[in-house]
Amino acid sequence: MPDAAKLSHTAALILAAIDAGDGYGFSVMEMTGLPSGTVYPALRRLERDGLIRSQWERQSIADKQQRPPRKYYRITRPGAAALYASRERYPLLAKLTPQERS
Amino acid sequence: MIRALLRLASWIVPRARRGDWLAEWRAELFHMERANPQRALSFGLGAFPDALCLRLDAPRDPVLASPVRCLAVLAALAAIAAICRPAFRDFDADLVTVRSHAGPDTVTFDQYRALATSAEFASIAFKPAGLNLGHVVAKRAHPVRRHVYIPNRKGGRDIFECIPIAPRNRLPATILMLGIALIVLPTTTAFAVGRHHRGRARLFLAAKLALALTGVYHAAHLLAPVMLAYGLLIGFILAIRWAIDDQRRRCPDCLRRVTNPVSFGCLSHTLLDWHGAEFVCPAGHGMLQVSATPASPYAPLHWVPL
């Protein structure tokens with residue numbers, strides 16, 4: 001396995017939240033309990049480092065639900081490798097993301 | 001209000017990403033306002049660190065890279081120095097120190113009392129500097145001669161010299177310091193600017209020098225009068241040196257600063273191979289080769305046109 005990027009605990013937590021949740025900024029905030037001033041800059045950095053990628057939701061879907069379109073984040077292959085390595089490094093990570101408890 | 005905050009924060013974001021960034025934050029705010037309106041404000045404040053993060057991560061064009069921007073920055077700095085100058089400098093032109101003619105720079109207390117009664121001075125102050133001696137600073141009532149004659153107790157007259165605190169005409173000193181700077185400068189750097197012999201490049205260099213020297217001239221006046229000459233000399237040397245060095249690091253065609261340095265060779269192979277860095281013109285006009293171990297500090301930089 002190639003060397004995975006080493007992440008800080010916060011970055012790993014956000015990456016885990018993206019992997020487990022809906023993948024937009026607000027849902028990451030809700031899952032992690034982190035403030036917006038931490039979550040969004042971390043998302044930029046994770047995207048810059050190629051661990052996640054973003055994609056705008058289609059306008060038609062948003063129009064149907066009468067809301068502005070969301071920007072979704074998806075974990076990439078290097079991101080998945082980094083998350084895997086982080087789970088070994090931070091064993092409590094799995095317990096911090098609600099979806100993963102069940 | 002939160003939307004106004006977002007709009008404010010969006011000005012920090014690089015222009016190319018601003019629209020996308022603002023759309024994402026507005027969409028997120030929409031959901032936050034419905035889910036938890038009490039936290040909407042603290043949520044919106046998070047836009048500032050995010051915008052700052054994008055700004056700091058964005059590749060930055062050096063401020064002085066473009067020739068127009070370089071001249072604009074120099075002009076702005078010179079203007080700021082010129083505007084600040086009156087606030088810092090210039091003692092009252094009528095303010096003088098009074099000393100005994102052909103004697104020490106102090107006066108006796110009796111002489112001070114005689115000076116204080118004279119109509120030559122609007123106000124006068126005495127600072128003790130020993131037993132019955134002191135320095136005198138006075139404001140002249142009207143432009144007077146350099147020498148003032150005050151009757152003394154012996155029936156004669158004491159002669160005093162009035163020396164203005166602020167030098168009257170700084171131009172000769174400035175020209176002298178510029179001359180000394182031009183004499184000293186060749187010992188620190190070469191005047192040659194490489195292939196910048198076209199009219200536009202020469203004009204740019206002349207404008208840059210004029211603005212830099214003007215800025216130094218005004219900035220030096222922010223120093224104490226006694227430091228003025230040193231400030232001018234050091235400032236002129238640094239300004240001319242910077243202008244020439246900056247010119248060498250520009251493309252002779254478009255006058256933009258060369259960028260993206262790439263290192264070649266290594267120090268241990270200096271005798272066998274060239275060792276240095278290569279810069280490229282952002283518009284692709286050529287490459288500038290800068291040796292890491294130049295044969296002499298006056299060695300010209302090598303420009304390779306593409």
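Chain naming here is simple, since letters A, B, ... match the order of the sequence lines and numbering starts at 1 in each.
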Option in B:Leu29, B:Asp20, B:Leu52 with maximal non-hydrogen atom pairs under 4.5 Å from chain A: B:Asp20

Atom group of B:Ala23 that falls short of 4.5 Å from chain A, counting heavy atoms: both

Distance under 6.0 Å and angle within 45° of ring axis: B:Arg249 vs B:Phe279: yes

A:Ser86 side-chain N/O to A:Arg89 backbone N/O, donor-acceptor pair under 3.5 Å: no

Under 4.5 Å from a heavy atom of chain A, the part of B:Arg34 involved: neither

Geometric cation-pi criterion A:Lys71 and B:Trp21, 6.0 Å radius, 45° cone: no

Residue B:Phe43 versus chain A: region with a heavy atom under 4.5 Å: both

Heavy atoms of other groups near A:Gln55 CD, more than 12 under 6.0 Å: no

A:Arg44 portion near chain B, given a 4.5 angstrom heavy-atom threshold: side chain

Contact class of B:Asn36 relative to chain A, heavy atoms under 4.5 angstrom: neither

Centroid-centroid distance, B:Trp25 to A:Tyr40, less than 6.0 Å: yes

